[in-house]
2 protein chains.
Amino acid sequence: MDALFTQIKISVNESIYLKDPESSTLGKSIVSESIHLIHELGFEQFTIKKLADSIGSTESSIYRYFENKHKLLLYLISWYWIWLEYKLVISTSNISQFEQKIRQAISVLIHQPEEHETFGSINLHKLYKLVTEEAPKTYMTKEVDDENQHGVYLVYKRICNRISEMIVTENPAYAYPHTLVSMIMDAIHRQQYYAEHLPSLCDAKSREQLSDFTTSLVLKSI
Amino acid sequence: MDALFTQIKISVNESIYLKDPESSTLGKSIVSESIHLIHELGFEQFTIKKLADSIGSTESSIYRYFENKHKLLLYLISWYWIWLEYKLVISTSNISQFEQKIRQAISVLIHQPEEHETFGSINLHKLYKLVTEEAPKTYMTKEVDDENQHGVYLVYKRICNRISEMIVTENPAYAYPHTLVSMIMDAIHRQQYYAEHLPSLCDAKSREQLSDFTTSLVLKSI
DNA sequence: CAAACACGATAGTAATACTACTAGATTTGT
DNA sequence: ACAAATCTAGTAGTATTACTATCGTGTTTG
């Protein structure tokens with residue numbers, strides 16, 4: 001775990017959970033084991049019962065922390081974006097030159113933690129894979145407007161905004177900074193998913209190539 | 001309905017259905033009503049029972065056509081891409097100049113059919129909305145590799161390939177044509193979704209702006 | 001014209017998402 | 001110190017969902 005983060009607590013929007021999973025050992029094992037299980041089974045095949053069984057607890061205990069399995073997914077992916085925002089801010093704040101700043105931002109977005117890399121009880125490597133495999137399912141539901149009003153997507157939007165502002169600072173006339181940034185934020189994960197499952201949809205097979213593609217896309221566009 | 005298409009039958013990959021829904025009136029009403037219902041309820045809240053009730057049939061009758069609700073979604077969205085490929089090929093084949101060709105391709109991708117515009121019993125307007133709301137759920141599942149091997153995504157990949165080839169013809173040295181095209185194919189729908197539900201993630205609020213953004217992105221990139 | 005078959009309906013089952021309730025442990029107020 | 005209040009997790013449900021096995025009827029075909 002990065003020494004810088006040992007003091008930091010990731011605080012997820014309270015409307016996502018019923019009881020803070022950080023507040024108990026059961027809560028923590030719900031979180032860490034669900035990352036493992038959702039990654040293994042896929043979100044559709046993942047059930048609260050299976051989770052309860054694999055941590056030696058019961059369904060109702062888990063439902064005390066999360067209203068339903070969708071909220072649990074939302075928690076995990078929100079957690080990721082909060083963590084990513086820290087990394088983004090820390091690693092770009094002292095860079096003044098635009099191109100370097102953008103390169104760094106993209107590199108942070110693309111960086112997949114090493115296997116077994118953890119933050120507390122959370123396996124960052126598996127969480128990253130979970131984001132590439134499941135992220136759109138958090139907001140592509142009928143509850144999106146409601147959840148959005150509760151501030152569930154604030155962190156994600158703020159990340160998009162931070163990178164957009166780098167672009168606007170460089171070129172105030174550029175009309176579509178948010179569109180461009182939210183597009184590449186999606187694409188970075190989607191393209192890695194394609195590389196693994198639908199390779200004929202992409203040429204950038206490695207993370208290096210994807211980084212190269214994304215960076216030059218941004219630099220040429222603005 | 002476009003006069004050109006009155007003779008054409010859209011033939012979806014056979015591994016998607018158990019019995020061709022085009023072959024009976026029940027099949028046709030399963031398809032047309034499911035578009036309506038999935039759009040109305042969202043795919044998660046949509047059930048085979050609800051579909052059966054609203055067409056005055058039964059669950060088991062529907063299961064004779066589709067193995068499960070995921071396959072039904074796959075059918076609808078595959079149907080859309082087959083239809084789109086026709087439109088793409090017809091409207092770009094006689095254009096020789098690159099920029100015009102790309103503009104036309106993007107325009108076809110972005111074009112949302114008018115309300116009540118239909119093709120046979122299929123409401124094209126609602127189907128387009130369904131694609132923007134649900135498309136990633138077709139391939140972001142644990143069955144993706146299996147389905148891919150059965151050729152379920154061939155049409156989508158072929159569309160990506162056709163547009164990629166336009167780019168390669170213009171600039172054979174460009175390294176990421178498929179990545180660029182699959183990214184914009186995703187983005188065109190995702191950005192329309194954002195415009196409606198998470199507007200702070202985008203600046204392009206109208207279809208015209210999105211078209212403008214996408215076109216200049218491609219032209220500047222290659 | 002009867003045997004084969006296609007078709008849709010009925011009536012189930014197992015699993016899932018979720019809830020109401022209960023018992024035990026911990027904290028708190030006096 | 002200790003009883004009342006509260007907090008926590010577990011037991012035992014229910015309603016719904018996804019899916020299946022079987023049945024009867026109408027249609028086609030040898």
- Task: Check whether the side chains of B/Tyr65 and B/Ser24 place a donor and an acceptor atom closer than 3.5 Å, and report yes or no.
- Result: yes

- Message: Base, sugar-phosphate or nothing for B/Phe66? Non-hydrogen atoms, less than 4.0 Å.
- Response: nothing

- Query: In residues 37-64 of chain B, what residues come within less than 4.0 Å of DNA chain C, judged by heavy atoms?
  - Reply: B/Ser57, B/Thr58, B/Ser60, B/Ser61, B/Arg64

- Message: Below 30° counts as parallel, above 60° as perpendicular, anything between as tilted: where do the rings of A/Phe119 and A/Trp79 land?
- Response: perpendicular

- Query: Which distance, rounded to the nearest 0.5 Å, do you find between the OG of B/Ser34 and the CD1 of B/Ile55?
  - Reply: 8.5 Å

- Query: Which whole-number value in Å describes the distance from A/Asp20 CG to D/dT8 P?
  - Reply: 11 Å

- Item | Rounded distance [0.5 Å steps], OG1 in B/Thr47 versus CG in B/Leu37 | 8.5 Å

- Message: In this structure, how many angstroms lie between the P atom of C/dT16 and the CD atom of A/Glu67, rounded?
- Response: 21 Å

- Item | Gap between atoms CG and P, on B/Leu26 and C/dA6 respectively (whole Å) | 17 Å

- With A/Lys129, which of A/Glu115, A/Glu196, A/Glu134 fulfils salt bridge (Lys or Arg N to Asp or Glu O under 4.0 Å)? A/Glu196

- Message: Can you tell me if B/Tyr65 touches the phosphate of C/dG8, counting only side-chain N or O atoms and a distance under 4.0 Å to OP1 or OP2?
- Response: yes

- Task: Measure the acute angle between the ring planes of A/Tyr128 and A/His189, then classify it against the limits of 30° and 60° as parallel, tilted or perpendicular.
- Result: tilted

